[in-house]
Structure formats: C-alpha cells, structure tokens
Asks: 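Have a look at this one before I ask anything.
Chain letters run A, B, ... following the sequence lines, proteins first, then strands; residues in each count from 1.
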Amino acid sequence: MAVDVEVLKAQQRELAKRVRLEDGFKRVRYVAGGDLTFLNIRKTPTRGLGAFVVLDVLRGDVVEEVVEEDEVKFPYIPTFLAYRELPLLVKAFKKLRSRPDVVLIDGQGIAHPRGLGIASHFGVYFNLPTVGVAKSRLIGEYEDPPPYGISPLRHRGKRIGWVLRKGKGKSLLFISPGHLVSLKSSLDIVRGILARGLTLPTRLAHNLLQEERRKRLR
DNA sequence: GCGACAG
DNA sequence: ATCTTGTCGC
C-alpha cells in the first residue's frame, strides 16, 4: 500500500511544536551545508548520495567534507521531502567529526505548510541551529526582489523567511529559519557568507555530490 | 473541484 | 532532483 500522509502530517505538526526561533548559537564560524543527489531519479527505490561540507567563514576555507551512500525508498511528495532525504542526511552528518555552529540544509525551514520543512526537521532531530536554503518557493507570498536585494516571505500575514536575489538576472534564494535560529539571523548568516565572497556550503555540498555522482556512474 | 507543489 | 554544450550577456 501507498504512503499514509495523514500519519506523517500529524508527526510533522507534533515535531513543529519543538521548533525554536531564538538564536541557539554562540558564534557563526563553522557553517555546514548539506545536500543530496540521486543516481537514477526516475526510479524510486534508487541509490542516493548525501554530503556535508563545513566552511570556516572566518578563514574562508573548507574544513571538512563527507559523503555517504544509501538506498532511498521513499518517493518525493511535496511537503514530505524530509521523509525521502532526512535518513541519508542524518547518516552523512554523523560521519562529520567537526561540530559546526550552524547547519544549512537544501530546502525549506519553517516556510512549510505545517512549519516543518526539512531544515527544521533536521534541526529538531539533532537539536542544532539550522537554516533552510531553497532554490524555489514552497509556500508564501513575496515581492520580486531587485538585483542584490531581499524581500520578506509572508504566509497568512506573518513573516516566515526571506527571498534573496544574488545578482542581476540571477535566480532567487529562499531563506527560512530551521531551528534555534531567528528570522533575522537566518538572513544574516547567509548574507554574511555571501558578503565575504564565499560560496554557500549547501552549494559546495551540491558541487561535491556532482563530482561523486560522475565517478560512481561509470 | 482546481491549481500549487522544497528536491 | 536529472537529461546536456555551447552560447549570450555583463
């Protein structure tokens, strides 16, 4: 039988009660970024690769990289992304020996119908400060931000995140707090990295995965 | 019922 | 997410 989404919704609502939007970090020096890729996206049990890259924002270099591989059986269902990607993200994160101050996850934080995007889910699971960094919108309304500008992401009248435009004619970035990070800090953390001319660790993890994927594809 | 819908 | 090189624009 298929997936019982009602049970998962109840679980998400329960976990969402644990999400805290007060800053729970002392500094933002070691920032980790996590992402996943799949060897064959058309099949649904498929092989997945998960990676984390830890960036030292102060020195501007990469401190640690890890990659893990596993079978991914859960399908992609909008608003239930974590059930597909969290297991491998958890496995990869446990392989890290350094302890990042904040973790960026590819996907939404609280900008989710039940307030529990994958970044929040991951944050509650490890009780660590997390921020969701997505390339497209799941929920919320916003005004198109000007080049190099930002605009708030709102849902039901309240702010749930930010939309950032890196440059002229460039694509958008959807930022939202995951867990133990305030709305303001979620934006400051991301802008702090970009302002130093650094690549977001989520992007570094993505790049690392593309290389690993090509290797194992032959 | 219809359209939207992270990766 | 993936399939895919060069190419147009700043």
Asks: Give the ring-plane orientation class for F174(A) versus Y142(A), where under 30° counts as parallel, over 60° as perpendicular and anything between as tilted.
Replies: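 Because their plane-to-plane angle is over 60°, the rings of F174(A) and Y142(A) count as perpendicular.
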Asks: Given the side-chain rings of F93(A) and F122(A), with only the six-membered ring counted for Trp, is the space between their centroids under 6.0 Å?
Replies: yes
Asks: Whole-Å distance between dT2(C) C1' and R42(A) CZ?
Replies: 7 Å
Asks: Atom CZ of F122(A) to atom C1' of dA6(B): distance rounded to whole Å?
Replies: 16 Å
Asks: From dC5(B), dG7(B), dT2(C), pick the nucleotide closest to the side chain of R137(A)?
Replies: dC5(B)
Asks: Which part of the nucleic acid, if any, lies within contact of F80(A), taking any heavy atom under 4.0 Å across all strands shown: a base, the sugar-phosphate backbone alone, or nothing?
Replies: base
Asks: Taking atom CZ of R154(A) and atom CD1 of I160(A), what is their separation to the nearest 0.5 Å?
Replies: 10.5 Å
Asks: Counting side-chain heavy atoms from CB outward, which of dC5(B), dG7(B), dT2(C) is closest to P78(A)?
Replies: dC5(B)
Asks: Using OP1 and OP2 only, check whether a side-chain N or O of R213(A) sits under 4.0 Å from dC3(C).
Replies: yes
Asks: OP1 or OP2 of dC5(B) sitting under 4.0 Å from any side-chain N/O of S136(A)?
Replies: no
Asks: Under the 5.5 Å and 30° test, is Y76(A) stacked on the base of dG7(B)?
Replies: yes
Asks: Return the value, rounded to whole Å, for the distance between atom CG of L104(A) and atom P of dG7(B).
Replies: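 In whole Å, dG7(B) P lies 14 Å from L104(A) CG.
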Asks: Could you work out which one of dA6(B), dG7(B), dC3(C) sits closest to the side chain of Q108(A)?
Replies: dA6(B)
Asks: Roughly how many Å is it from CZ in R216(A) to C1' in dT2(C), rounded to a whole number?
Replies: 18 Å
Asks: Rounded to the nearest angstrom, tell me the gap between atom CD in Q12(A) and atom P in dA6(B).
Replies: 14 Å
Asks: What does I118(A) touch in the nucleic acid at a heavy-atom separation under 4.0 angstrom: a base, only the sugar-phosphate, or nothing?
Replies: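 Contact class for I118(A): base.
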Asks: Find the distance H112(A):NE2 to dA4(B):P and express it as a whole number of Å.
Replies: 19 Å
Asks: Counting side-chain heavy atoms from C-beta on, which of dG7(B), dA6(B), dC3(C) comes nearest to L217(A)?
Replies: dC3(C)
Asks: Would you kindly give the CZ-to-C1' distance between R214(A) and dT2(C), to the nearest whole Å?
Replies: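 Between C1' of dT2(C) and CZ of R214(A): 13 Å.
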Asks: Is any side-chain N or O of K135(A) closer than 4.0 Å to OP1 or OP2 of dG7(B)?
Replies: yes
Asks: Using the side-chain heavy atoms of T37(A), tell me which of these nucleotides is nearest: dC5(B), dT2(C), dG7(B).
Replies: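 My answer, after comparing the listed nucleotides, is dT2(C).
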Asks: Where the side chain of E85(A) is defined as all heavy atoms beyond and including C-beta, which of dC5(B), dT2(C), dG7(B) is the nearest nucleotide?
Replies: dG7(B)
Asks: Take the protein atom CG of L138(A) and the nucleotide atom P of dA6(B), then report the distance between them rounded to whole Å.
Replies: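 The distance from CG of L138(A) to P of dA6(B) comes to 6 Å, rounded to the nearest Å.
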Asks: In terms of the angle between their ring planes, are Y83(A) and H121(A) parallel, tilted or perpendicular, with boundaries placed at 30° and 60°?
Replies: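 Answer is perpendicular, since the angle exceeds 60°.
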Asks: I'd like to know if the side chain of Q108(A) reaches the main chain of S136(A), judged simply by a donor and an acceptor atom lying under 3.5 Å from each other, with no hydrogens or angles considered.
Replies: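 Side chain of Q108(A) to backbone of S136(A): a pair is present.
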